[in-house]
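One structure is given here, and the rest of the page talks about it.
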Amino acid sequence: MRQSGQSRRLLIGAAIGGGLLIALIFFWIGYAARPPPDTSGLQALADRYRALGRRERGFTGQSVRAAVRRDEIGRHLSSLASRPHIAGTPGHRATAEYFRDVLSGLPGFEVFTRNYSVPVGMTVGQGESLFTIVYSNGTVVESQRQEKELVKLNLTDQVPPILSFTPSGNVSGPVVFANYGRERDFEYLQQLNVTLSGAIALMRYGGVGRGKKLVNAAAYGCIGGIVYSDPADGWAVPGRLDDVYPNSWWLPPTGVQRGSAKMRQADPQTPAYPSLPFAYRDEFDEIKQQTDPPVFSPIPGYPVGYGDAMKLLGVLEGANISSYVKGGLPIDYRAGGSFAPGVDHARLVVNNRILEGVNAVNVFAEMKGDLEPDRYVLLGNHRDAWGAGAVDATSGSAVLLEIARMLGQFYSDGWRPRRSILLCSWDVEEQGITGSWEWVEDRLPQIREKVVAYINIDIAVRGNYSIRTNADPLLQEAALQALKNLPAQDGGTMFEEFKRRWLDQDYRLSVPIGSSDYSAFIQTAAVPIIDASYVADPKYSSYYPLYHSMYETLPVMESIIDPGLRAHGEVAIWGVEMLRLLSETWLLPYDEAALIANIRNRFNSATPPSQWGWPASAAKYDKYVNDTWKEFDSALTALEAESARLGSAVQQLQERIDAGSEDIDPMSVRGFNDRRMRVMQTLADPGALLRDKTLRNLVFSSQTEETEISAGFPGLQDLLAVAKKRSNETEIWKQIAQHVSALVFRMHSLRYQLQDSGL
Ligand SMILES: [Zn+2]
């Protein structure tokens, strides 16, 4: 066997060698006989580029509106929201298949997946977490273990209330009411001489994140945390607590907001690296030890409805703090620390676990661009949901599938985008933005090289008042331009409608730096992002009341929030136009001047170094920073001048394009676009946030510390917040000096990027 194998290989080798020789001879003959260089081919190529370059508006706003099919959106919504689909459940696995099937059937798309192996937080069993009020006479009052099914829905695999990634525990003691669980709320209780050590903290949602509430409680000596949704925070209408689901969209007393209490986004075992099979993973025991900053809460936490919270509040004694709390429950809010007569203690039992190795399946559908296939416009949504998730984020999942269908239809009609379009169905978002983040970590160099913009549609519809787009400053104008290009349902443009809706409020867009799948794109990759949602009138609710509860169901969406799925259609239309705009326009529609203005505003509203409270021990850094701060100002002035030059260059080029000028070099246009694509990336810095090395955007990252300052630069605010607590540590002042220096350097770096040539 061995012998004959060898001789066969020899024969094959000889055949290949002979073939190559013949090919070489033919190639040489061809070479010798070729005509003198003819530039007509190059000319033809250049003509083609020019023609393609100028071809825009492959389809119009009217045709987008005519193409949208709300029945298709409804079909996807009812399929996907028919059962809970949080990561790690059978309902969840089925959604990836559903997406693959639907997208594979569409013309123009190639479908593929990228998988990561990640941990998710789950309960142990069903309904084994709860709190109890234990009376001296032996009576025990238990909290509900699951929401009551107020409408029969036959939902299987329901997720019990959980603050995922908090430790299990069985603790008992007095209960204190710590309002939002902010540091200042605990300080307030301390001022009232309430004993926090050994107590269970009852807190309301809002103010700071779930994990931060628990970490704060632990820092003040509390042994457990219970979190609920107070009606006053927009979850229900105080004084009208009978007007709730299923008759309206307001949260009933049994509704519970679940959620992740993890404090670092993505897989905490592989910070800054993708969770691929060979990835080195930090052990959970090690991660749990990290306290500066913490990743996990050290104490058990549990979410309850306001009905259960009232039971607890009803047995608390201590100071009446109702005027401090301004809550919405018909009860006196008391500081606690002791119980009403007859009550012995309260007990909190949490049975949580971490399920490792869950397959996070990101499903992608790619439509290749015909002129610049290596430049990408991305649009993404997450597929997982805490319950049926009709709002978060299945409304967006259904819209993404309709956007794909519409693009497929335009493709069939002959349309091709200039740049490639990549639709992304992310997985494991609810457990701390995991699927998208891991992919960004996996493909970081390629994303920085190729991505023009990332458009996020998480919750497509959470109200029926108006579309609301937010974006980083580079893309805010483009997000509005898409609305200007689209006719409104009842005449005029969608932009006119948008302006009317936000007339009495400031309709300027904000920069999304919260937590959804855009986070890794802006905070780590530093590529431009847009986020959109159809929202409720902020006069009534700043979010939506049934958020992450079991009542986020299809009937509520179809009969109360968005009858006829009108708002869903509006978001789909905007999404298609946004993709067309970013994938088709010859010059990328970025607004550098807005970016620079945003940075200037941050600088102008930041507290100057003289007021930072430098201790004498850090005097040498104080002096240094005062000089650097002046340099910061002049660096910004130089940047503004450069930005103005770029602005007029863009305008001149656009005018030549609009005038049909024949002598525009497509290569130089491409170079111009490339340079502008990387403007945001000059803000990426390894020292952007002292507290979290995975966040790299110096200007647009979320803060990790709780501060009262809302303007300024996130890394600097974080450091100043730490310095406030640990003022005598010289090291922290040194880091502040280093950070200010990095900020100034990046302003110069940004200016170099705006310049037209040279190194
Ligand atoms: Zn979501």
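Both counts, for ligands and for their atoms, begin at 1 and track the order of listing.
- Protein N, O or S atom count below 2.8 Å of the Zn ion (ligand 1): the structure gives 4.
- Shown here are the side-chain hydrogen bond (donor to acceptor under 3.5 Å, both in side chains) partners of Y454, two or more places apart in sequence or in another chain: W426, N456.
- Closest approach of S297 to T166, counting heavy atoms only: CB-CG2, 4.3 Å.
- Contact of the V64 side chain with the R580 side chain is not registered, since no non-hydrogen atoms from C-beta on lie closer than 4.5 Å.
- Residue M578 comes nearest to I530 through the heavy atom pair CE-CD1, 3.6 Å, listed as atom of the first residue, atom of the second, then distance.
- In this structure, Y465 has its ring center closer than 6.0 angstrom to the ring center of W502.
- Here the shortest heavy-atom pairing between P252 and L150 reads CG-CD1, 3.9 Å.
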